[in-house]
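Below is one structure, written out as structure tokens; comments come after it.
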There are 4 protein chains.
Amino acid sequence: MPDRAATQQTNKAPVRRKGAGRHRRSGEILDAAARVFAQHGYHGATTQQIADLLGIRQASLYYYFPSKEVALELVCMQGVEDFHERARAIASGTGSAAEKIAALVRAHLMPLLDTADYVRVFLNERQYLPHASRRRIAKWSRGIERVIAAVIKDGVRRGEFRPDVDPRLATLALLGMLNAVSAWYGKESTSLERISAEYVGLAISALAGPKARGR
Amino acid sequence: MPDRAATQQTNKAPVRRKGAGRHRRSGEILDAAARVFAQHGYHGATTQQIADLLGIRQASLYYYFPSKEVALELVCMQGVEDFHERARAIASGTGSAAEKIAALVRAHLMPLLDTADYVRVFLNERQYLPHASRRRIAKWSRGIERVIAAVIKDGVRRGEFRPDVDPRLATLALLGMLNAVSAWYGKESTSLERISAEYVGLAISALAGPKARGR
Amino acid sequence: MPDRAATQQTNKAPVRRKGAGRHRRSGEILDAAARVFAQHGYHGATTQQIADLLGIRQASLYYYFPSKEVALELVCMQGVEDFHERARAIASGTGSAAEKIAALVRAHLMPLLDTADYVRVFLNERQYLPHASRRRIAKWSRGIERVIAAVIKDGVRRGEFRPDVDPRLATLALLGMLNAVSAWYGKESTSLERISAEYVGLAISALAGPKARGR
Amino acid sequence: MPDRAATQQTNKAPVRRKGAGRHRRSGEILDAAARVFAQHGYHGATTQQIADLLGIRQASLYYYFPSKEVALELVCMQGVEDFHERARAIASGTGSAAEKIAALVRAHLMPLLDTADYVRVFLNERQYLPHASRRRIAKWSRGIERVIAAVIKDGVRRGEFRPDVDPRLATLALLGMLNAVSAWYGKESTSLERISAEYVGLAISALAGPKARGR
DNA sequence: AATGAATGAGCCTTCATTCAT
DNA sequence: TATGAATGAAGGCTCATTCAT
């Protein structure tokens with residue numbers, strides 16, 4: 001995944017999957033949109049701010065995307081696709097349920113390192129997409145929920161997790177805990193490494209509970 | 001309601017302080033603002049939508065608050081003040097750390113029953129307040145964090161919770177888990193009762209971990 | 001003419017001529033309007049500012065005048081009526097043309113002492129009156145011009161003033177010089193006494209010119 | 001045109017500096033603003049009226065200036081800059097004090113021929129500028145006053161003018177007389193030529209007084 | 001690949017005014 | 001004599017978007 005930390009980037013051709021544009025410049029434009037949407041919210045952001053970040057004129061943006069709304073959809077898409085991919089890979093692999101949860105937690109936090117803006121926009125702004133694209137995007141997030149819930153269910157069935165854990169609610173709790181990090185990560189000095197470790201511990205404990213002792 | 005600039009409007013518009021507010025109408029206006037802000041986001045909301053909800057003309061809103069921004073601040077204030085109050089009361093009460101955490105979880109979810117809009121606005125829109133009011137509001141939320149962290153720290157010290165729990169991170173995790181509920185509560189059919197019970201279980205397990213067995 | 005220097009006044013029943021209201025309070029309300037109009041201009045002034053100055057509510061103003069526009073007309077009227085009266089008295093009196101000009105200058109500057117606001121509003125804001133009242137008011141000012149022009153013309157005819165003085169233009173010049181004082185009087189520390197003396201000298205010299213020597 | 005706030009509008013809108021301005025359109029827009037401000041006063045004027053005069057949509061104005069207030073400042077600036085320049089040139093030239101006064105009077109009235117709107121706006125509306133720009137503009141007008149006062153003082157010292165003339169007050173009187181012309185010039189049928197001649201005569205006589213005979 | 005010029009739609013806000021009390 | 005509540009009309013300004021170049 002290309003480094004998006006800097007405002008401007010250079011080589012390492014962005015591996016954009018869908019039609020986000022095959023050109024390098026398209027990636028930069030989307031990065032700028034993601035940053036501005038993340039900072040001001042979709043409705044609070046102006047195309048002018050995006051253009052400023054890129055050093056081009058406002059009108060020039062429309063060479064890259066047909067509307068602000070579509071830019072939002074593209075950003076949201078980028079923000080969630082990989083999550084699902086990675087979650088599915090982990091879930092369908094081998095290992096105990098606890099190990100899978102640990103891997104899922106780590107994988108879920110990782111993108112905050114270099115695509116934090118995309119993640120934030122997906123989390124907070126997808127709600128403002130028009131119905132059609134919202135549905136399109138919702139599929140991915142529901143997919144993630146389903147994958148996690150399945151792992152938890154499996155852990156319960158196998159006796160790894162507490163029998164009274166509700167997989168659906170536990171999934172939402174877990175995701176809430178993880179997604180909230182995006183809101184404060186970067187303002188705190190704690191490293192993603194530390195956070196991941198702590199959150200893995202909390203998650204496993206929460207699910208395994210008293211019986212976890214024997215693990 | 002904060003005074004307008006001295007040269008402006010001596011009209012003593014109805015004052016709405018904490019609680020239900022002396023003047024019923026002011027409360028209704030704020031409720032409408034909260035609802036619209038919650039639904040569309042601060043920047044996506046229009047004062048026209050608020051007025052429509054009340055069946056009054058848009059200009060009439062300005063009899064009750066001097067600006068959309070101040071309305072946001074008032075809503076945010078309402079959305080957080082009580083949290084802090086309740087948290088402090090619980091924390092300074094008697095009982096084990098686990099019991100306090102359980103009570104805190106329940107207390108934190110409770111407002112979703114009848115002031116969900118205020119809570120949502122506080123969580124998602126306070127970031128768009130002007131610096132001054134954001135700081136004012138931040139005090140309350142930092143207060144809540146500190147109260148919870150103190151309870152967790154105490155639990156660790158007393159041996160109730162896992163020794164390797166980081167109170168600060170655990171607090172953020174717990175709040176993330178709880179606050180996320182506001183995003184989906186109402187769309188799911190699960191009752192607050194069920195959610196609370198499950199989340200109490202998860203929280204205690206997460207903190208107490210394997211050692212919790214003896215509890 | 002009642003003292004209007006202070007923001008609030010007391011006795012000395014205002015000798016309002018026209019229908020401005022026979023009550024004392026009416027005078028105070030008009031004083032406030034004059035002050036606010038003078039300070040902010042008619043269009044820049046708000047009824048709220050007038051109300052603030054009086055310590056009453058905006059709506060209460062409408063007990064005293066039916067509209068902002070009428071208030072302006074009343075203020076303008078007060079600002080000019082006396083001028084004409086006094087000018088006519090002086091012109092129809094006895095004395096040389098020069099003596100009359102001297103008296104006219106003094107009389108014209110005098111009102112700046114305690115009805116400066118009314119004068120300023122008349123000078124600068126009467127142009128914004130609706131056609132009908134503007135015409136009504138214009139009569140008075142044209143009257144003043146005519147009176148002065150007549151005195152000058154007489155002075156020329158009598159040989160007191162330079163033969164090449166154009167009475168109409170000289171009148172406009174004189175009035176321009178005098179009226180401009182209202183713009184800076186009060187910001188300068190010079191007393192009206194000093195100003196009057198100097199301006200009498202300038203006016204007489206301008207009109208009498210080289211021949212004035214023998215006077 | 002002053003830069004907009006950094007975060008705003010990188011659009012390099014046409015800049016109009018002194019003189020005709022590089023971009024013709026900017027000049028036309030400012031002319032329209034000057035005319036409307038002159039006619040209705042700053043507060044009484046609407047941006048719609050300016051747009052109507054130009055045959056463009058109201059929103060389009062904001063492509064040329066960032067606010068009505070800035071438009072006022074630009075107009076005021078145009079209205080006064082040249083005055084000062086010309087006055088200084090005349091004062092620092094050669095000739096008797098009387099000759100200089102004559103030249104100053106003529107130069108002061110000249111702009112009424114083709115930039116009357118700018119002059120009127122400067123004279124009557126600059127008071128409504130925000131503090132910062134008012135100060136900026138005040139420098140020019142104070143400069144003009146100082147130049148004239150110096151010439152008068154010099155004339156007194158040289159014995160050309162009456163010894164009892166107060167340079168400061170005489171300057172204010174002279175400027176009042178001259179500036180007042182802007183209020184009625186165009187409504188009267190008198191030519192600027194006639195007015196100038198008459199006003200030169202009045203001014204010289206006023207200052208030189210009885211002794212002027214020998215000139 | 002980008003931009004200068006312009007615009008339509010809409011938004012927040014102000015303000016004079018009304019009216020029942 | 002005054003006011004609380006409300007409103008209609010408008011005003012300045014913003015902003016996404018278009019289009020010829």
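All values below were derived from every heavy atom in this structure, side-chain atoms included, with hydrogens, water molecules and symmetry-related copies excluded. Naming: A, B, ... by sequence-line order, numbering from 1 per chain.
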> For Glu69(C), which residues count as a side chain to side chain contact (heavy atoms under 4.5 Å, CB included) partner, sequence neighbours excluded?
Replying inline: Tyr42(C), Ser67(C), Pro130(C)

> Atom CD1 of Ile56(B) to atom P of dG4(F): distance rounded to whole Å?
Replying inline: 18 Å

> Roughly, in whole Å, what's the span from CZ in Phe65(B) to P in dA5(F)?
Replying inline: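 Value for this atom pair: 15 Å.
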
>> If you assign each of Tyr42(B) and His43(C) to its closest nucleotide in DNA chain E, which residue comes earlier from the 5' end?
In response: Tyr42(B)

>> Which is more 5' along DNA chain E, the nucleotide nearest Ser67(B) or the one nearest Tyr63(A)? Just name the residue.
In response: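 Closer to the 5' end of DNA chain E: Tyr63(A).
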
Compare side-chain N and O positions of [X] against OP1 and OP2 of [N] and report whether any pair is under 4.0 Å apart.
{"X": "Gln58(A)", "N": "dA16(F)", "value": "yes"}
{"X": "Tyr62(C)", "N": "dT17(E)", "value": "yes"}
{"X": "Ser60(D)", "N": "dT7(E)", "value": "yes"}
{"X": "Arg57(D)", "N": "dG8(E)", "value": "yes"}
{"X": "Arg25(B)", "N": "dA6(F)", "value": "yes"}

> How would DNA chain E look in dot-bracket form, 5' to 3', counting Watson-Crick and G-U wobble pairs with both distances under 3.5 Å and writing | for bases paired to another strand?
Replying inline: .||||||||||||||||||||

> Among residues 44-51 of chain B, which contact DNA chain E at a heavy-atom distance under 4.0 Å?
Replying inline: Ala45(B), Thr46(B), Thr47(B)

>> Quick one, Asp31(D) and Asp117(D) - any side-chain contact, counting heavy atoms below 4.5 Å?
In response: no

Determine all donor-acceptor pairs shorter than 3.5 Å in which one atom belongs to a side chain in residues 45-55 of chain B; sequence neighbours excluded.
{"unit_1": "Thr46(B)", "atom_1": "OG1", "unit_2": "Gln48(B)", "atom_2": "N", "d": "3.4"}
{"unit_1": "Thr46(B)", "atom_1": "OG1", "unit_2": "Gln49(B)", "atom_2": "N", "d": "3.1"}
{"unit_1": "Thr47(B)", "atom_1": "OG1", "unit_2": "Gln58(B)", "atom_2": "NE2", "d": "2.7"}
{"unit_1": "Gln48(B)", "atom_1": "NE2", "unit_2": "Asp52(B)", "atom_2": "OD1", "d": "2.9"}
{"unit_1": "Gln49(B)", "atom_1": "OE1", "unit_2": "Thr46(B)", "atom_2": "N", "d": "2.9"}

> Side chain of Ala59(B): nearest nucleotide among dT3(E), dG8(E), dC15(E)?
Replying inline: dC15(E)

> Who are the ring pair (Phe, Tyr, Trp, His ring centres under 6.0 Å) partners of Phe65(A), not counting sequence neighbours?
Replying inline: none

>> The criterion is side chain to side chain donor-acceptor pair (under 3.5 Å); which residues satisfy it with Arg126(D), sequence neighbours excluded?
In response: none

